[in-house]
Protein chains: 2
Amino acid sequence: MDAYLQAGLDALGDATRMAIFQKLTHGPVAVNELARKMPVSRPAVSQHLRVLKDAGLVTDSKVGTRRYYKLNPEGVARLRAHFDQVWEKALGAFQIEAEKPPAGESRVRPTRRSRRS
Amino acid sequence: MDAYLQAGLDALGDATRMAIFQKLTHGPVAVNELARKMPVSRPAVSQHLRVLKDAGLVTDSKVGTRRYYKLNPEGVARLRAHFDQVWEKALGAFQIEAEKPPAGESRVRPTRRSRRS
DNA sequence: ACTTACCGTTAGTTGACGCTTACCATTCGT
DNA sequence: ACGAATGGTAAGCGTCAACTAACGGTAAGT
């Protein structure tokens with residue numbers, strides 16, 4: 001299965017990481033400043049940033065003693081693409097399913113209930 | 001914060017649930033049949049379905065002794081909308097950030113480093 | 001050189017959650 | 001009425017991950 005999807009998914013799957021991601025939406029932020037705005041410690045933020053970075057969703061760059069994190073538009077775009085694919089497949093298939101009988105394999109063992117009366 | 005986003009996010013954040021979600025893409029499936037296609041037990045599948053249902057991503061309907069689960073297009077569409085909002089905010093803000101100096105609040109405390117020597 | 005600020009990493013703990021094994025309810029078929 | 005099939009739920013358990021505290025490392029300022 002798409003490793004990128006899964007990685008990005010459980011990267012954003014955590015509430016704290018999602019919050020961090022959202023904050024990075026407003027531009028690059030240093031770790032300390034980020035941690036101050038959050039209910040968790042700085043090391044925790046560092047670890048979350050590591051996950052986000054490994055998922056390709058953010059990049060870092062040091063400017064002196066500080067390390068600024070910002071969103072990685074490529075990674076975000078790629079993840080978005082994967083998600084769109086999921087949505088499309090889900091919603092698209094739903095249209096079709098409305099016309100097909102029950103489902104794929106099942107055969108549902110034709111309960112002859114419909115034969116009643 | 002958007003509860004729907006968070007709920008849907010950690011609903012799909014689990015690999016097994018994502019797999020179930022994907023399988024439901026092909027049309028409604030009964031629990032037993034679903035469980036047979038998966039590496040986990042039926043009760044596990046039931047629990048996952050519960051989470052997906054609570055997140056509004058699937059609906060169930062019983063047909064005899066069986067209970068068929070299918071994707072809920074409304075829930076999916078809504079989640080998709082929330083996600084699109086996230087992507088848009090992330091990528092949109094990135095364009096802007098490319099022109100602004102560093103960041104929002106920080107002020108970075110004007111290191112008079114340039115005054116040296 | 002010394003101090004301060006900033007940050008990554010490790011070790012260790014703890015709470016959450018995914019899984020299984022029972023058990024029970026409901027419904028169909030005989 | 002009885003047995004079989006289906007599936008939800010509770011209890012118990014193991015595992016993983018999120019968090020904190022402590023440490024070390026680097027860079028800037030004096």
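Below, read A as the first sequence line, B as the second, and so on, with proteins coming before strands; counting in each chain starts at 1. What you see is a predicted model; the values in this text were computed from it and never measured.
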* **Where Ala11(B) and Leu57(B) come nearest, the two heavy atoms and their spacing** => CB-CD1, 4.2 Å
* Asked: For the pair made of CG in Asp60(B) and C1' in dT26(C), what is the distance, rounded to whole Å?
  -> 15 Å
* Structure fact -> Rounded to whole Å, the CE-C1' distance (Met38(A) to dA18(D)) equals 12 Å
* Could you tell me whether the side chain of Phe83(B) reaches within less than 4.5 Å of the side chain of Leu5(B), counting heavy atoms only? => yes
* Asked: When you check the phosphate oxygens OP1 and OP2 of dT6(D), does a side-chain N or O of Tyr69(B) lie under 4.0 Å from one of them?
  -> no
* Under 3.5 Å donor-acceptor, Asp14(A) side chain and Arg17(A) backbone -> yes
* **Side-chain N,O (Arg66(A)) to OP1/OP2 (dC6(C)) below 4.0 Å** => yes
* Asked: Looking only at side-chain N and O atoms, does Thr16(B) come under 4.0 Å of OP1 or OP2 in dC19(C)?
  -> yes
* For residues His82(B) and Val86(B), determine if any side-chain heavy atom of one lies less than 4.5 Å from a side-chain heavy atom of the other. => no
* **Rounded distance in Å - NE2 (His48(A)) to P (dA17(D))** => 12 Å
* To do: Keeping the roles fixed (side chain from Asn72(B), backbone from Gly56(B)), state whether a donor-acceptor pair exists under 3.5 Å.
  => yes
* Val31(B) side chain, from C-beta outward: closest of dA28(D), dT6(D), dG8(D) -> dG8(D)
* Structure fact -> note: Arg67(A), atom CZ; dG8(C), atom C1'; distance rounded to Å ~ 8 Å
* Structure fact -> Rounded to whole Å, the CZ-C1' distance (Arg17(B) to dA16(C)) equals 12 Å
* Asked: For Lys62(A) and Asp14(A), take the nucleotide of DNA chain D holding the closest heavy atom to each; which residue's nucleotide lies nearer the 5' end?
  -> Asp14(A)
* Asked: OP1 or OP2 of dT9(D) less than 4.0 angstrom from a side-chain nitrogen or oxygen of Arg50(B), does that happen here?
  -> yes
* To do: Tell me what Ala30(B) touches on the nucleic acid: a base, only sugar-phosphate, or nothing, going by heavy atoms under 4.0 Å.
  => sugar-phosphate
* Is Arg78(B) close enough and on-axis enough to Tyr4(B), meaning under 6.0 Å and within 45°, for cation-pi? -> yes
* To do: For a side-chain contact (heavy atoms from CB on, under 4.5 Å) with Tyr69(B), tell me which candidate from Ile20(B), Leu52(B), Val31(B), Val45(B) qualifies.
  => Val31(B)
Under 3.5 Å between N/O atoms: give me all the protein pairs with nucleotides 20-25 of chain D, atom names plus distance.
| residue | atom | partner | partner atom | Å |
| --- | --- | --- | --- | --- |
| dT20(D) | OP2 | Ser41(A) | N | 2.6 |
| dT20(D) | OP2 | Ser41(A) | OG | 2.6 |
| dT20(D) | O4 | Gln47(A) | NE2 | 3.4 |

* Structure fact -> In whole angstroms, the gap separating P of dG18(C) from CG of Leu49(B) amounts to 13 Å
* To do: To the nearest Å, give me how far apart OH (Tyr68(B)) and P (dT26(C)) are.
  => 21 Å
* May I have the distance from Leu34(A) (atom CG) to dC7(C) (atom P), rounded to whole angstrom? => 10 Å
